[in-house]
Amino acid sequence: MDFNEQQQAALSSTTRNLLVLAGAGTGKTRTIIGRASHLLSQGVEAKRLALLTFTRRSASEIRSRLGKTSGEAGTQVFAGTFHHFCLRIMSARRNWFGFEDLTVMDRDDQLQLMKFVRGNVVGKDSVIPQASQLLNYYSYARNTNQSPRAYLEKYTDHEMPVIEVMQKIFAAYRERKLANSYFDYDDILHRFAKVLHDNTEVRQKVAGQYDHVLVDEMQDTNPLQWLILENLGQCAHLFCVGDDAQSIYAFRGADFRNVHSFSQRLQHSQTLKLEENYRSTQEILDLANWLLERSKLNYDKKLRAYRGSGIKPQLVEFDSEFDEAEWVARAIVKRRQEGAVWNDHMVLCRTAYSARPLEAELIERKIPYRFIGGTSLLQMAHVRDLLSVLRVAVNHRDEIAWIRYLTLWPGIGEMTAAKLIQGMAQMQDLDQALHVIDAWPRNAPEVAETVRSIARHLEDPAQALQLLSEALDPLLDNKYDHWESRCKDFQLLEQLASRHRSISAFLERYTLDPISATEISRSPSDEIVTLITVHSAKGTEAKTCFVIGVQPGNYPHARSLGDESAIEEERRVLYVALTRAQDELILTRNMAKSYSRTSWNASTGSHYFLEGLPSKLISHQSLVGVSVQ
DNA sequence: AACGAGATTCTTTTT
DNA sequence: GAATCTCGTT
């Protein structure tokens, strides 16, 4: 691999703690991989090196590239998300971290539990925020390392009595988690950080395992993750790469200004910059630069294209999202006919929801694609219904799964389920727990029998799922509309499960690592179009990028209006989207979007990022009023 | 008191 | 399209 002078200086640096500020496309990932290879070649043992990323996607990208550049040793380097890293270490040394069992809760589990305790504490009281909002508050407070109470008092407008009630709900939530050995995503980081911070002995043992910790996307580190880095940094060298202009995770507690205080927070540190963009043509960067310049914040960024000049970005306008979707699908097909491959195309969307018309077009035209971001297979409601049975078969104390499963049955609602669970909580094993159900007066024998039959196949998840989908078919058919299309997912699920030796291995594998339905039946070598949310797209690139739905209400998103810093973050989201393109950048927008009608007001329009876009930067084409045939 | 069918509302981003 | 709310039924 060849590196420019700046990259070479960074990757071979001997500074104890190094921050590399690297603009979009300047070879951030290349440099971090180069650093890892460099260290390995210097004789650092692979297992004394850890590479931390923010998304699973960039972790797997880095893993495969490191395998290519450094061979066997490269594959032995840990590369994964902060969550993976912490969980892996904690699972291996449970006693150090003070737990025996652990069930990871995903967002849906958290929501179920929060709803449940909220219902117990307040019933139906509309003054108290909904469970999802409560969860956001709770998670944000923990990620920024403050108590929920302090956060609520300082940063929200809720009245004191409301805050008091929320406190109670949080306490109940915490209690349920503890009683069930549930760890939510934040608990994973929090427990790890806390033990390392409080316990010198554990800190030395854990942090002492690493000589070098490499961190990607440093601008998205939140205070909780900082705490982890500072603890690791007591023994290891830190090598961090980031770009303040690409910070798009403030909702998770990240503060892009963190990268500016790097050298104050860490001793023996140095900051380097990478400035030359190798990814895109100058026309694409001109547009991205224009977007950043219009911000009040001074990002001090002006990307220069090493590659020089190319095709001018395009903006195409439509009546509806359906016309837009059809046009994009046709444009992709056309390019392929002209010699491009599917892999050259990436479509970026602001929300998973807004990608649906396009997804429908891709399916209809049989264009192979994968969708990254949005709801994964294992998060879909009907799939979770099946999984709930697997979960109780493995862990009979899994309350959330019990509620889900029990309430599937006619005659069992939340109240009955809660009572049954209360009875089962006392029981020592699954068998005893199932007797509680059998003893219920209005019980159908199938309720317990279904679980029993699954428990007989703990070592064969695919078989268990097949039995289960047959057993629950009538119930689910009744529960869901369009059952025929939904139940197809169960085949995918069985296919996925057949790769695992046991139900528990299968369940564990995908809680931190959800997989999208469009990715299961494909091999990595398959030729496909990528449809992706901007948030998931950070760190990726493609020759031709379509950014769809670039209209008021989306950029900035209507929900961010009224909050200056949220709007600025939205600008960075669009910036990330624009800077993914290598050769060709095509923006599309539709002005008839249903929610524009409700949320398009003076404010939406005046904040719109493409307002006043000079025509020299873009070729504008309007297909409004033109029927796309 | 608990359940279930039907009406209603609102859709960010991820570990 | 899915989560939530309302209200009538068991």
Side-chain angles (χ1 to χ4, degrees), chain A residues 52-59 80-87 104-112 115 118-119 123-124 126 130-132 135-136 139-140 142-143 183-190 217 220-222 224-225 247-254 348-356 360 372-376 379-382 384 406-419 442 478-482 485-486 510-514 532-538 549 553-561 563 566 569-570 572-574 576-577 593-595 598-599:
Chain A
L52 303 181
T53 65
F54 279 80
T55 60
R56 291 166 277 108
R57 197 177 148 62
S58 51
T81 62
F82 271 76
H83 292 82
H84 273 130
F85 179 76
C86 297
L87 191 59
V104 178
M105 306 169 81
D106 63 15
R107 169 84 195 186
D108 197 72
D109 292 330
Q110 293 175 48
L111 205 54
Q112 297 299 325
K115 264 185 218 161
R118 181 183 180 275
K124 285 176 198 165
S126 56
Q130 287 301 313
S132 62
L135 217 46
N136 288 345
S139 177
Y140 187 87
R142 304 190 67 211
N143 275 291
F183 271 56
D184 63 27
Y185 291 130
D186 306 329
D187 291 321
I188 295 173
L189 299 187
H190 192 263
E217 310 287 5
D220 287 322
T221 345
N222 61 41
L224 191 49
Q225 289 162 326
S247 166
I248 54 176
Y249 282 97
F251 64 92
R252 243 170 70 188
L348 297 119
C349 52
R350 175 66 184 79
T351 65
Y353 166 69
S354 68
R356 289 184 53 179
I372 299 171
T375 313
S376 71
Q379 290 173 316
M380 311 234 247
H382 54 293
R384 295 193 76 90
L406 291 173
T407 53
L408 281 179
W409 293 88
I412 303 181
E414 258 178 48
M415 291 301 175
T416 312
K419 274 178 205 156
R442 292 169 56 196
N478 200 283
K479 178 174 172 183
Y480 296 104
D481 301 334
H482 314 292
S485 65
R486 277 178 180 251
Y510 298 105
T511 28
L512 270 187
D513 223 349
I532 190 168
T533 59
V534 181
H535 281 81
S536 308
K538 215 164 41 155
N554 257 356
Y555 295 96
H557 195 276
R559 302 253 316 212
S560 67
L561 295 175
D563 179 342
E569 170 143 314
E570 294 287 312
R572 296 190 293 265
V573 172
L574 184 55
V576 169
K593 200 84 197 244
S594 55
Y595 63 82
T598 48
S599 54

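Lettering of chains follows the sequences in order, A, B, ..., and the numbering in each one begins at 1.
- Looking only at side-chain heavy atoms (C-beta outward), A:E570 and A:R350 come within less than 4.5 Å of each other.
- If you measure from atom CG of A:L135 to atom C1' of B:dT15, you get 13 Å, rounded to the nearest angstrom.
- Between the CD atom of A:Q112 and the C1' atom of C:dT4 there is a distance of 13 Å, rounded to whole Å.
- When distances run from any side-chain atom of A:T55 to the nucleotides B:dT15, C:dC5, C:dA3, the shortest one goes to B:dT15.
- In this structure the side chain of A:Y185 never reaches within 4.5 angstrom of the side chain of A:T81, judged on heavy atoms.
- Using a 4.0 Å heavy-atom cutoff across all strands shown, A:Y249 reaches sugar-phosphate atoms only and no base atom.
- Annotation: A:F54 is in aromatic contact with A:F82 [ring centroid separation under 6.0 Å].
- Here the side chains of A:R384 and A:D108 are in contact, with some heavy-atom distance below 4.5 Å.
- With a 4.5 Å cut-off on side-chain heavy atoms, A:R107 and A:L135 count as touching.
- Of the candidates B:dT15, B:dT13, C:dT4, B:dT13 carries the atom nearest the A:R350 side chain, counting heavy atoms from C-beta on.
- A:D108 places its CG atom 13 Å from the P atom of C:dA2, with the value rounded to the nearest Å.
- Comparing C:dA3, B:dT11, B:dT13 against the side chain of A:R559 picks out B:dT11 as the nearest.
- Residue contacts for A:S560: at a heavy-atom cut-off of 4.0 Å it reaches no nucleic acid atom on any strand shown.
- Of the listed nucleotides (B:dT13, B:dT15, C:dG1), B:dT13 has the atom at the smallest distance from the side chain of A:H535.
- Using a 4.0 Å heavy-atom criterion, one finds that A:R57 contacts no nucleic acid atom at all.
- Between the CZ atom of A:R252 and the P atom of B:dT12 there is a distance of 18 Å, given to the nearest Å.
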> In the 5'-to-3' direction, what one-character label does each nucleotide of nucleotides 2-9 of chain B receive under the scheme B = base within less than 4.0 Å of a protein heavy atom, S = sugar-phosphate only, - = no such atom?
Replying inline: SSS-----
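- Residue A:Y185 places its side chain closer to B:dT15 than to any other of B:dT14, C:dT4, B:dT15.
- C:dG1 atom P lies 11 Å from atom CZ of A:R486, rounded to whole Å.
- In this structure, A:H557 forms an aromatic stack with the base of B:dT12, since both conditions hold: centre separation below 5.5 Å and plane angle below 30°.
- If you measure from atom CZ of A:F183 to atom C1' of B:dT15, you get 15 Å, rounded to the nearest angstrom.
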> Yes or no on salt bridge (charged side-chain N to carboxylate O under 4.0 Å, His left out) for A:D186 and A:R252, after CA distance, side-chain angles and deciding distance?
Replying inline: CA-CA 10 Å; A:D186 306 329; A:R252 243 170 70 188; over 6 Å; no
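- Residues A:C349 and A:R356 have side chains not in contact (no heavy-atom distance under 4.5 Å, counting atoms from C-beta outward).
- Here A:K479 lies out of heavy-atom contact (under 4.0 Å) with every strand.
- Scanning all heavy atoms of the two residues, the minimum distance from A:L348 to A:A537 falls at CD2-CB, 3.4 Å.
- At distances below 3.5 Å, at least one donor-acceptor pair connects side-chain atoms of A:D187 with backbone N or O atoms of A:D184.
- The side chain of A:Y353 lies closest to B:dT11, out of B:dT15, B:dT11, B:dT12.
- Between B:dT14 and A:T533, a contact under 4.0 Å exists linking OP1 or OP2 to a side-chain N or O.
- In this structure, NZ of A:K115 is placed 10 Å from C1' of C:dA2, rounded to the nearest angstrom.
- Note on A:R142: every side-chain N or O is 4.0 Å or more away from OP1 and OP2 of B:dT15.
- Note on A:Q130: a side-chain N or O is less than 4.0 Å away from OP1 or OP2 of C:dC5.
- For A:S536, no side-chain nitrogen or oxygen approaches OP1 or OP2 of B:dT13 to under 4.0 Å.
- Stacking between A:F251 and the base of B:dT13 is present: ring centres sit under 5.5 Å apart and the planes differ by under 30 degrees.
- The nearest whole Å value for the distance from the CG atom in A:N554 to the P atom in B:dT11 is 14 Å.
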